[in-house]
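Only one structure is covered here, and it is reproduced in the block below.
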Amino acid sequence: MKRIAVVGSINIDYFVESNKLPKFGETVMGNNFFMDLGGKGANQAVAVARLGGDVTLFGSIGNDEQRVLLINHFQNEKVGIDHLNVVEGVSTGAAFIQLFHSENRIIIVPGANEYTNANYSKKIKNQLLQYDVFLFQLEIPIETLEFLIPILHEHNKTIILDPAPAEKLDKDLLDQVTYLTPNEHEFATVLGHEEKISDTLIKYPNKVIVTCGEKGVVYHNGNKIVTIPARKVKAIDTTGAGDTFTGAFTVAVSKGKPLEECIQYGVYAASLSVMKKGAQAGMPFHDQLETVEG
Ligand code: ATP
Ligand code: RIB
């Protein structure tokens, strides 16, 4: 099996659940508070590891009270952290997540994730070249992607970019990415288009894979637009569904499966993840995917 490197964010997620969202100046009563471990990089690394992938996470945390919790967690999850960047004097990244009827609104304070930067990239560059498949998101400084992706591309590595949170990306960077996995909202921002999704997908066959929540996933296979429908499940919390999709998709890619099978695997895993609260808390393990009927 190929080795997977995730270069990305690590957060502590603070969830607040309520039946009403406050307007500016208003206070409402919530009905639940809980914490989970999150950050798109960490989530995707955990999703990969739970599905049997060989994965190492490259990222940064603060030398704060969360450090031991996170290190123990990654070790338990079998996520490699040999190159974790522990930064003095800053807090670990935090995400404040309002949950409202299975949907979410998120504010992120990056903290130590800002240190997954060009300096860190230069330090990890030689280690990274020992990996085969790379997974990036956009919760770390863009300079990191701009430094690493051209080098990895030059070495013919497989590069998967989940462009979240969305920002418009440089065309050269996009050209060097093997697979791009935006959700339907991110899609327009990242690819900077005004057209229908299908008009843009045709320009990126077998490359741009758009997740569309409960509708599933849509992409162009070189001949036609293909939709892989999501499974019908009772959604409790969709936080981390995109991360589960991308993590599972990456595991299948690392095993050399055909693209459609990789997407189906991602959809299957993501549908299971929405049935539990929390980002990582709901991520499935390999044996669950084999035993749950489709
Ligand atoms: P998030 O940012 O919350 O992690 P996302 O917006 O990046 O998620 P979505 O497109 O909402 O990603 O979801 C990713 C995948 O998860 C979908 O393509 C689908 O396979 C699955 N999924 C999401 N919501 C549902 C749902 N309600 N029922 C079944 N599957 C779902
Ligand atoms: O994709 C979900 C993640 O986004 C959460 O875990 C939160 O940390 C934010 O980064």
Side-chain angles (χ1 to χ4, degrees), residues 6 8-16 34-47 59 61 66 70 73 91-113 116 135-140 160-166 180-190 197 208-219 226-249 262-284 289 292 294:
V6 180
S9 58
I10 301 165
N11 292 337
I12 304 291
D13 289 351
Y14 300 89
F15 287 83
V16 175
F34 62 97
M35 284 169 59
D36 192 11
L37 304 186
K40 291 185 194 298
N43 291 349
Q44 294 181 16
V46 166
I61 59 174
Q66 315 294 0
L70 283 161
H73 172 67
S91 306
T92 295
F96 299 90
I97 306 182
Q98 287 185 324
L99 265 188
F100 178 71
H101 299 159
S102 88
E103 296 295 331
N104 61 51
R105 298 210 288 208
I106 306 180
I107 298 178
I108 296 166
V109 181
N113 293 307
T116 303
L135 196 37
F136 292 92
Q137 317 77 27
L138 298 178
E139 283 183 349
I140 55 173
I160 301 168
L161 170 58
D162 180 8
L180 193 72
T181 61
N183 70 20
E184 52 191 330
H185 312 292
E186 291 148 6
F187 177 77
T189 309
V190 173
I197 285 191
V208 176
I209 296 153
V210 186
T211 66
C212 307
E214 63 184 353
K215 298 196 287 286
V217 167
V218 63
Y219 76 111
V226 178
T227 300
I228 309 287
R231 290 165 186 249
K232 294 223 176 319
V233 294
K234 183 166 167 34
I236 304 288
D237 175 10
T238 62
T239 313
D243 296 332
T244 309
F245 170 81
T246 305
F249 170 77
C262 297
I263 297 172
Q264 280 165 346
Y265 190 64
V267 165
Y268 190 179
S271 64
L272 297 185
S273 77
V274 304
M275 296 165 71
K276 281 198 192 146
K277 283 182 191 167
Q280 295 180 22
M283 286 178 174
L289 270 86
V292 175

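Positions are given from 1, in the same order as the sequence printed here. Hydrogens, waters and symmetry mates are skipped; everything else that's a heavy atom, side chains included, is used. As the structure lists them, so they are numbered: ligands from 1, and atoms in each ligand from 1.
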When rounded to the nearest 0.5 angstrom, what distance separates NE2 in His185 from SG in Cys212? 8.5 Å

Quick one: pull up CE in Met35 and CG in Asp13 and give me the separation to the nearest 0.5 Å. 9.0 Å

Please determine if Ala241 has a nitrogen or oxygen closer than 3.5 Å to a nitrogen or oxygen of ligand 1. yes

Start with the C-alpha distance between Gln66 and Ile61, add both sets of side-chain angles, then the distance that settles side-chain contact (heavy atoms from CB on, under 4.5 Å), and finish with yes or no. CA-CA 8 Å; Gln66 315 294 0; Ile61 59 174; over 6 Å; no

Can you report which non-hydrogen protein atom sits closest to atom 17 (C) of ligand 1, along with the distance? Gly213 O, 3.3 Å

Within the 4.0 Å heavy-atom shell around Asn11, which atoms of ligand 2 are there? 8 (O), 10 (O)

Atom CD1 in Ile263, atom CD1 in Ile228: separation rounded to 0.5 Å? 6.0 Å

Need the ligand 1 atom indices (1-based, order shown) with element for anything under 4.0 Å from a heavy-atom of Ala235. 27 (N)

For Gly38, the ligand 2 atoms whose distance to one of its heavy atoms is below 4.0 Å: 6 (O), 8 (O)

Less than 4.5 Å apart, side chain to side chain, heavy atoms only: is that true for Gln137 and Val6? yes

Counting only heavy atoms, which portion of Ile108 has something under 4.0 Å from ligand 2: side chain, backbone, both, or neither? side chain

Ligand-side contact atoms (ligand 2) for residue partner Asp243, heavy atom cut-off under 4.0 Å: 1 (O), 2 (C), 3 (C)

Would you call Phe96 and Val109 a side-chain contact if the rule is heavy atoms closer than 4.5 Å? yes

Between Thr238 and ligand 1, does any nitrogen or oxygen pair lie at a separation below 3.5 Å? yes

Under a heavy-atom criterion of less than 4.0 Å, does Ala164 contact ligand 1? no

Among Asn183, Asn43, Thr239, Ile107, which one puts a heavy atom closest to atom 3 (C) of ligand 2? Asn43

Just to confirm my output: which protein heavy-atom neighbour is closest to atom 12 (O) of ligand 1, and how far is it? Thr211 OG1, 3.5 Å

Of the options Val190, Thr246, Leu138, Thr181, which is the one that meets Leu161 in a side-chain contact (heavy atoms from CB on, under 4.5 Å)? Leu138

Note the single closest protein heavy atom to atom 16 (O) of ligand 1, along with its residue, its atom name and the distance in Å. Ala270 CB, 3.2 Å

Closest heavy-atom pair, Lys40 versus Glu139, reported as atoms and distance to 0.1 Å, is N-OE1, 3.1 Å

Atoms of ligand 2, numbered as shown, that sit under 4.0 Å from any heavy atom of Ala279: 6 (O)

When you compare ligand 2 with Gly39, is there at least one nitrogen or oxygen pair between them that comes in under 3.5 angstrom? yes

For ligand 2, is there an N or O atom under 3.5 Å from any N or O atom of Ser9? no

Could you tell me whether Glu214 atom CD has more than 12 heavy atoms of other residues or ligands within 6.0 Å of it? no

Which segment of Val233 sits under 4.0 Å of ligand 1 when only heavy atoms are counted: side chain

Quick one: does Ile12's side chain get under 4.5 Å of Leu37's, heavy atoms only? yes

Any donor and acceptor pair, going by atom type alone, linking the side chain of Asp243 with main-chain N or O of Asn43 inside 3.5 Å? no

Could you tell me whether the side chains of Ser9 and Asn11 share a donor-acceptor contact shorter than 3.5 Å? no

Please work out whether any backbone atom (N, CA, C, O) or any side-chain heavy atom from C-beta onward of Glu139 is under 4.0 Å from ligand 2, and answer side chain, backbone, both or neither. side chain

If you scan protein heavy atoms around atom 29 (C) of ligand 1, the nearest is Arg231 O, 3.3 Å

What do we get for Cys212 next to ligand 1 when only non-hydrogen atoms under 4.0 Å count, side chain, backbone, both or neither? backbone

Which of the numbered atoms in ligand 1 are under 4.0 angstrom from any heavy atom belonging to Val217? 18 (O)

What protein heavy atom is closest to atom 18 (O) of ligand 1, reported as residue, atom name and distance in Å? Gly216 O, 3.0 Å

With side-chain contact (heavy atoms from CB on, under 4.5 Å) as the test, pick out the partner of Phe249 among Val267, Thr244, Asp162, Ile209. Ile209

Pairwise side-chain contact, Thr238 with Glu103, heavy-atom cut-off 4.5 Å (strictly under): yes

Who's the nearest protein heavy-atom neighbour of atom 4 (O) of ligand 2, and how far? Lys40 NZ, 3.3 Å

Distance under 4.0 Å to a non-hydrogen atom of Ala95: what atoms of ligand 2 satisfy this? 7 (C), 8 (O)

List the steps, then state whether side-chain contact (heavy atoms from CB on, under 4.5 Å) holds for Phe15 with Asn104. CA-CA 9 Å; Phe15 287 83; Asn104 61 51; over 6 Å; no

I need the atoms of ligand 1 closer than 4.0 Å to a non-hydrogen atom of Ser271, numbered in the order shown. 30 (N)

As an exercise, identify every atom of ligand 2 less than 4.0 angstrom from a heavy atom of Asp13. 5 (C), 6 (O), 7 (C), 8 (O)

Heavy-atom distances under 4.0 Å decide this one: backbone, side chain, both or neither, for Asn183 against ligand 1? side chain

What residue and heavy atom of the protein are closest to atom 2 (O) of ligand 1, and at what distance? Lys40 NZ, 4.2 Å

Minimum-distance pair of heavy atoms, taken over all atoms of Ser273 and Pro284: CB-CD, 4.3 Å

Looking only at non-hydrogen atoms, which of Gly240, Gly266, Gly242, Ala166 approaches atom 8 (O) of ligand 1 most closely? Gly242

